[in-house]
**Q** 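Here it is, the structure in full.
Worth knowing before you read on, the calculation uses all heavy atoms, side chains too, and leaves out hydrogens, waters and symmetry mates. Everything quoted here is computed from the prediction, not taken from an experiment.
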Amino acid sequence: MRKRIFAFVIASAILAGSARAHEASKHRAATVTGEIVDTGCFLGHRGQGAKHVGCATKCINGGMPMGVLTRQGTLYLVTMNHDNPDPYNKLKGMAGKSVAVTGQSYTRAGMKAIEVTGFKPARGA
């Protein structure tokens with residue numbers, strides 16, 4: 001019985017690992033350039049730009065999801081890498097600023113997202 005349980009645990013671990021590898025392979029490395037916005041205010045009343053920095057900072061620090069709004073008008077949800085949350089947490093301080101966000105990009109259920117692994121200031125996104 002112990003051998004069967006051990007074999008089941010090993011098989012489950014192998015399958016879980018291959019499923020994660022398959023899922024990660026659907027994501028592609030990307031750089032998305034645009035303004036950091038809080039998604040609630042942007043979607044609710046197009047809150048963005050220099051006049052909205054204070055509100056966006058407050059909303060993001062309060063837990064509102066961040067987004068990268070490109071010059072073309074595409075909004076990417078910014079997600080955190082659970083193994084390295086530092087870039088995500090530092091990005092919170094960039095509300096209303098133009099940045100180039102690097103990470104894994106993907107689309108699910110019509111929503112675009114980028115899991116941030118790094119960023120740098122950008123000019124005129």
Side-chain angles (χ1 to χ4, degrees):
M1 182 68 169
R2 284 187 175 168
K3 287 183 181 180
R4 282 187 176 166
I5 292 172
F6 180 73
F8 176 76
V9 169
I10 295 298
S12 296
I14 291 170
L15 288 174
S18 66
R20 270 189 243 116
H22 176 71
E23 183 68 25
S25 70
K26 292 180 182 178
H27 303 173
R28 60 181 182 81
T31 299
V32 177
T33 302
E35 178 186 341
I36 297 298
V37 298
D38 73 281
T39 57
C41 288
F42 177 74
L43 294 171
H45 56 85
R46 292 198 68 80
Q48 66 185 102
K51 66 183 184 297
H52 191 258
V53 170
C55 181
T57 300
K58 181 180 177 180
C59 289
I60 289 169
N61 288 332
M64 185 64 63
M66 287 183 285
V68 179
L69 179 63
T70 69
R71 186 182 309 186
Q72 296 78 22
T74 302
L75 182 64
Y76 284 79
L77 176 68
V78 177
T79 62
M80 180 179 67
N81 180 309
H82 290 83
D83 294 329
N84 183 13
D86 291 343
Y88 179 88
N89 289 325
K90 290 177 183 174
L91 190 60
K92 289 179 179 183
M94 300 298 288
K97 303 212 175 16
S98 294
V99 296
V101 177
T102 55
Q104 299 296 312
S105 175
Y106 48 97
T107 301
R108 185 158 299 132
M111 179 179 281
K112 293 183 178 292
I114 185 163
E115 183 178 282
V116 63
T117 57
F119 70 91
K120 63 182 179 179
R123 288 196 160 165

**Q** Are Ile36 and Leu91 close enough that some pair of their side-chain heavy atoms sits under 4.5 Å apart?
**A**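 Of all side-chain heavy-atom pairs linking Leu91 with Ile36, at least one is under 4.5 Å.
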**Q** Is a donor on one side and an acceptor on the other found under 3.5 Å between the side chain of Thr74 and the backbone of Thr70?
**A** no
**Q** Atom SG of Cys55 and atom NZ of Lys51: how far apart are they, to the nearest 0.5 Å?
**A** 11.5 Å
**Q** Kindly compute the distance separating CG (Asn89) from CG (Asn61), expressed to the nearest 0.5 Å.
**A** 9.5 Å
**Q** Has the side chain of Glu115 got a donor or acceptor atom that lies under 3.5 Å from a matching backbone atom of Ser105?
**A**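 Looks like no, no N/O pair under 3.5 Å.
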**Q** Is there a continuous path of hydrophobic side-chain contacts, each under 4.5 Å between heavy atoms, that joins Leu77 to Leu43?
**A** no
**Q** Please report the closest heavy-atom contact between Asp38 and Cys59, naming both atoms and the distance.
**A**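 That closest heavy-atom pairing would be OD2-CB, 3.6 Å.
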**Q** If I take atom CG from residue Leu75 and atom CD from residue Gln48, how far apart are they, to the nearest 0.5 angstrom?
**A**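 Reported to 0.5 Å precision, the distance equals 10.0 Å.
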**Q** Quick check for you: to the nearest 0.5 Å, what is the distance between Arg46 atom CZ and His52 atom NE2?
**A** 12.0 Å
**Q** Which heavy atom of Thr33 sits nearest a heavy atom of Ala100, and at what distance?
**A**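 Looks like OG1-CB, 3.7 Å.
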**Q** List the atom of Thr79, the atom of Ala113, and the distance in Å for their closest heavy-atom pair.
**A**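 The answer is CG2-CB, 4.5 Å.
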**Q** Counting only heavy atoms not in Lys92, do more than 12 sit closer than 6.0 Å to its NZ atom?
**A** yes
**Q** Taking atom types as modelled, find out whether Tyr76 and Thr39 have a side-chain donor-acceptor pair closer than 3.5 angstrom.
**A** no
**Q** Considering non-hydrogen atoms only, spot the tightest contact between Ala95 and Thr57 and give its length.
**A** CB-OG1, 3.6 Å
**Q** State, yes or no, whether a side-chain contact exists between Thr102 and Phe119 at a heavy-atom distance under 4.5 Å.
**A** no
**Q** First locate atom CG of Asn81, then atom CD of Gln104, and finally report the distance between them rounded to the nearest 0.5 Å.
**A**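 These two atoms lie 9.0 Å from each other.
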**Q** Any idea which heavy atoms bring Glu35 and Gly49 closest together, and the distance?
**A**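 So the minimum-distance heavy-atom pair works out to OE2-N, 2.6 Å.
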**Q** Considering only heavy atoms from C-beta outward, does the side chain of Tyr106 approach that of Arg28 to under 4.5 Å?
**A**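 They are not in side-chain contact.
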**Q** Give the cluster check for Val116 versus Met80: same hydrophobic cluster or not, with ILVMFWY residues linked at side-chain heavy-atom distances below 4.5 Å.
**A** yes
**Q** Rounded to the nearest 0.5 Å, how far does CE of Met64 lie from SG of Cys41?
**A**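 If we round to the nearest 0.5 Å, Cys41:SG and Met64:CE are 6.5 Å apart.
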**Q** Assess whether atom NE2 of His82 is packed by more than 12 heavy atoms of other residues, nucleotides or ligands within 6.0 Å.
**A** no
